[in-house]
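Below: the structure, in structure tokens.
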Protein chains: 2
Amino acid sequence: MDLTEAQAIVDEALSARKMAIIVGECSVKYHGRAASKLSSGERVVLIKGDGSFLVHQNSGLAAINYQPPKGTITTKLGEDTLVIRATRKKPAELLEAIFSKVFSASSFSLRDDSSLRVFGTEKNLSDLIMQKPDLVEEGLTVLNQESPLSKGKIDIFARDKKGNSVVIEVKRRTAGLKEVTQLQRYVDEVGKRLDTKTRGILCAPKITPSALHMLEEKNLEFCTLDYEIHNPSAKIRSIKKKQKGLGDYL
Amino acid sequence: MDLTEAQAIVDEALSARKMAIIVGECSVKYHGRAASKLSSGERVVLIKGDGSFLVHQNSGLAAINYQPPKGTITTKLGEDTLVIRATRKKPAELLEAIFSKVFSASSFSLRDDSSLRVFGTEKNLSDLIMQKPDLVEEGLTVLNQESPLSKGKIDIFARDKKGNSVVIEVKRRTAGLKEVTQLQRYVDEVGKRLDTKTRGILCAPKITPSALHMLEEKNLEFCTLDYEIHNPSAKIRSIKKKQKGLGDYL
DNA sequence: GCGATCAGCGGCACG
DNA sequence: CGTGCCGTTGATCGC
């Protein structure tokens with residue numbers, strides 16, 4: 001396809017805020033928060049109505065180069081090239097796709113009012129625990145969900161049978177080291193404000209060995225959260241307290 | 001475009017591992033690590049040679065639904081629909097795009113041997129500090145880069161003039177709470193193995209107020225890392241030690 | 001394969 | 001705006 005023709009199609013799409021799809025051979029330069037160079041190859045470029053700019057190769061899930069929405073996009077015809085440039089300020093960034101060949105350029109006005117509904121998120125699981133805190137521990141009284149801390153927020157804040165404060169951090173997938181330190185931070189801050197004894201419970205489907213080790217060192221607790229996702233919601237199958245050194249008896 | 005015709009184009013692309021681009025009205029269902037529903041709307045679907053599957057709306061940088069590479073993709077013609085299904089096991093996931101209309105379906109064999117070269121990464125900055133450790137502190141001797149710890153690795157491990165061990169963690173952007181706890185973890189582990197005094201220095205362009213507070217509480221140190229990216233590499237302009245409570249005198 | 005970490009992370013919510 | 005944090009995070013590298 002002629003580069004001039006391709007430019008006309010892209011320009012029209014830009015002014016009408018339509019989705020533009022350009023397939024061709026291009027190189028890509030980026031300069032902003034970092035800098036990158038991608039030498040010539042055949043790719044697909046998507047330009048969306050909000051200014052989102054994506055360069056896709058024929059492999060890999062993620063776009064190889066991109067520019068977030070709300071910037072400015074311009075086209076420029078060179079000697080033997082069509083240059084499409086996407087810029088934004090704050091942060092100052094420039095993305096440039098230099099096309100030497102365009103196989104196809106097209107645009108589409110896409111009507112789409114729908115937004116995604118997701119189930120099985122952390123918040124979703126947290127809600128379910130809120131409804132049945134006994135699953136975590138018998139006699140637990142929930143005081144608050146998403147309690148704002150000076151920095152960050154506690155998923156679930158509760159009180160146990162003995163009157164101790166309990167901080168529960170819920171994770172939808174395997175917990176690692178940073179999840180333990182995150183919980184520790186919350187426990188520290190709560191312990192500083194109220195000076196009652198404060199327990200911390202990490203609630204996740206799994207925990208890595210080293211994270212479990214660190215957790216026990218800090219006298220925090222772990223609960224295995226067994227859940228399933230059966231449309232259109234998540235459901236907790238069980239929450240079991242991790243017995244310290246259970247494996248030693250097997 | 002006729003759905004049968006669209007299916008033929010997609011099938012041919014799949015068997016030849018070409019990039020397929022389908023534009024049309026579809027709804028999308030996902031079930032796997034989580035679950036989601038996206039009701040009908042007009043979108044662009046990309047299917048790549050490696051099986052990557054992407055559903056894009058006309059706004060937003062990220063794909064609204066997707067399936068990572070290496071799965072299986074099949075098409076099925078229904079009464080008035082074309083269903084494209086992408087599945088994978090481990091984790092078990094199913095993504096289904098149900099097309100009621102297809103405006104355009106096309107495929108492209110894309111030749112592309114290039115991979116992205118990026119500058120201004122953390123590793124890049126770490127390398128530069130390795131070459132001139134004096135920028136961080138006069139008299140610093142680098143012992144090791146990317147020292148493997150039992151879990152994780154230290155960006156730069158050094159010794160100061162007085163013979164203390166120094167753990168340096170480099171960040172390419174504003175450091176927050178989790179970067180402080182990360183450094184603390186490394187310092188703790190080093191301190192446990194060698195029982196010399198161990199200092200920890202966080203080196204980043206900025207640090208958030210609460211992170212700075214926590215850092216000082218833990219007797220760790222912060223250095224402002226001022227760098228610029230001038231193709232094709234990064235360059236450090238300066239590294240300045242954060243004076244404790246400097247702001248108090250202003 | 002799991003585990004830990006980086007990423008131009010993106011996106012959202014809240015102050 | 002910055003700050004914190006979740007995400008179907010993805011991608012990479014080491015064990």
Side-chain angles (χ1 to χ4, degrees), chain A residues 30-36 52 54 59-69 88 90-95 116 118-126 146 148-155 169-179 182 185-186 206-211 229, chain B residues 28 30-36 52-55 60-69 86 88 90-95 115-116 118-126 146 148-155 169-179 182 185-186 206-212 229 234:
Chain A
Y30 160 74
H31 192 100
R33 287 168 289 173
S36 73
S52 299
L54 298 150
S59 68
L61 179 60
I64 188 75
N65 273 119
Y66 55 88
Q67 187 76 283
R88 67 164 175 167
K90 200 127 178 95
E93 295 191 293
L94 164 67
L95 179 65
L116 192 68
V118 189
F119 312 100
T121 60
E122 180 184 301
K123 178 61 165 53
N124 204 313
L125 297 171
S126 172
E146 309 205 358
L149 236 35
S150 75
K151 283 308 151 189
K153 60 184 193 299
I154 296 174
D155 281 341
E169 177 63 29
V170 182
K171 290 295 161 189
R172 68 179 308 284
R173 54 176 186 167
T174 304
L177 297 167
K178 77 176 193 312
E179 282 75 24
Q182 183 189 4
R185 276 201 340 253
Y186 297 160
K206 260 178 88 185
I207 185 166
T208 66
S210 52
I229 298 162
Chain B
V28 186
Y30 160 73
H31 191 101
R33 286 168 289 175
S36 73
S52 300
F53 191 110
L54 298 151
V55 182
L61 180 61
I64 187 76
N65 273 119
Y66 56 88
Q67 186 76 283
R88 67 164 175 167
K90 200 101 177 120
E93 294 191 293
L94 164 67
L95 180 65
S115 60
L116 192 69
V118 189
F119 312 101
T121 61
E122 179 183 302
K123 178 60 165 53
N124 204 311
L125 296 171
S126 172
E146 307 203 1
L149 233 37
S150 76
K151 283 308 150 191
K153 59 185 194 300
I154 297 173
D155 280 341
E169 178 62 30
V170 182
K171 289 295 161 192
R172 68 178 310 285
R173 53 177 188 167
T174 305
L177 297 168
K178 77 178 193 312
E179 282 75 25
Q182 182 189 9
R185 273 196 349 248
Y186 297 160
K206 259 177 89 184
I207 186 165
T208 65
S210 51
L212 179 60
I229 297 162

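First the proteins, then the strands, lettered A, B, ... as listed; each starts at 1.
Contact annotation for A/Tyr186: backbone-only contact, meaning every heavy-atom pair under 4.0 Å involves sugar-phosphate atoms and none involves a base. Nucleic acid contact class of A/Lys171 (heavy atoms, under 4.0 Å, all strands): sugar-phosphate only. Among the atoms of the strands shown, only primed sugar atoms or phosphate atoms (P, OP1, OP2) are found under 4.0 Å from some heavy atom of B/Pro209. In this structure, A/Gly32 reaches neither bases nor backbone, as no heavy-atom distance under 4.0 Å exists between it and the strands shown. Residue-level contact check: B/Glu179 touches neither bases nor backbone, having no heavy atom under 4.0 Å from any strand. Using a 4.0 Å heavy-atom distance criterion, B/Thr121 is classed as a sugar-phosphate-only contact.
The listed nucleotides are C/dC6, C/dA4, D/dG4; the one nearest the side chain of A/Leu177 is C/dA4. Counting only heavy atoms from C-beta on, A/Arg172 has its side chain closest to D/dT9 among C/dG3, D/dG10, D/dT9. Closest to the A/Lys90 side chain, of the nucleotides D/dT3, C/dC2, D/dC1, is D/dC1. Of the listed nucleotides (C/dT5, D/dG4, D/dT8), D/dT8 has the atom at the smallest distance from the side chain of B/Glu93. Comparing D/dT3, C/dG3, C/dG8 by their closest approach to the side chain of B/Val118 singles out C/dG8. The listed nucleotides are D/dA11, D/dC6, C/dA7; the one nearest the side chain of B/Glu122 is C/dA7. The side chain of A/Lys206 lies closest to C/dG3 when the candidates are C/dG3, C/dG10, D/dT8. Of the candidates C/dG10, D/dT9, D/dC6, the closest approach to any side-chain atom of B/Tyr66 belongs to D/dT9. Here the nucleotide nearest the side chain of A/Arg173, chosen from D/dT8, D/dT9, C/dC9, is D/dT9. Among the nucleotides D/dT3, C/dG8, C/dG11, the one closest to any side-chain atom of A/Ala34 is C/dG8.
Taking side-chain N and O atoms only, B/Ser210 has no distance below 4.0 Å to OP1 or OP2 of D/dT3. A close approach under 4.0 Å does not occur between any side-chain nitrogen or oxygen of A/Gln182 and OP1 or OP2 of D/dG4. Between A/Arg33 and the phosphate of C/dC9, there is a side-chain N or O to OP1/OP2 separation shorter than 4.0 Å.
B/Asp155 places its CG atom 11 Å from the P atom of C/dT5, with the value rounded to the nearest Å. A/Arg185 has its CZ atom 9 Å from the C1' atom of D/dC5, to the nearest Å. Note: CD1 (A/Ile207) to P (C/dC2) measures 17 Å, nearest angstrom. Atoms CG (B/Leu54) and P (D/dT9) sit 16 Å apart, rounded to a whole Å. Atom P of nucleotide D/dC5 and atom NZ of B/Lys178 are separated by 9 Å, given to the nearest angstrom. Taking atom CG of A/Leu61 as the reference point, atom C1' of D/dT12 lies 15 Å away to the nearest angstrom. For the pair A/Leu149 CG and D/dG4 P, the computed distance is 12 Å after rounding to whole Å.
Nearer to the 5' terminus of DNA chain C, by closest-nucleotide assignment, is the contact made by A/Thr174 (compared with the other of A/Thr174 and B/Leu116). Checking A/Ala211 against B/Ala62, the closest nucleotide of DNA chain C that is more toward the 5' end is the one next to A/Ala211. Map B/Tyr30 and A/Lys151 each onto its nearest nucleotide of DNA chain D; the residue landing nearer the 5' end is A/Lys151.
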Are there any protein N/O atoms within less than 3.5 Å of an N/O atom in nucleotides 12-14 of chain C, and if so, which ones and at what distance?
none

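A gap of 22 Å separates the P atoms of D/dC5 and C/dG8, to the nearest Å. Here, D/dG4 and D/dT8 have their P atoms 22 Å apart, quoted to the whole Å.
By the salt bridge (charged side-chain N to carboxylate O under 4.0 Å, His left out) test, A/Lys123 pairs with A/Asp127, sequence neighbours left out. Scored by the salt bridge (charged side-chain N to carboxylate O under 4.0 Å, His left out) test, B/Glu93 finds B/Arg33, B/Arg88 as partners (sequence neighbours excluded).
With values rounded to the nearest 0.5 angstrom, A/Ile64 atom CD1 is found 13.5 Å from A/Tyr30 atom OH.
Between the side chain of A/Gln67 and the base of C/dG8 there is at least one donor-acceptor pair of N/O atoms closer than 3.5 Å.
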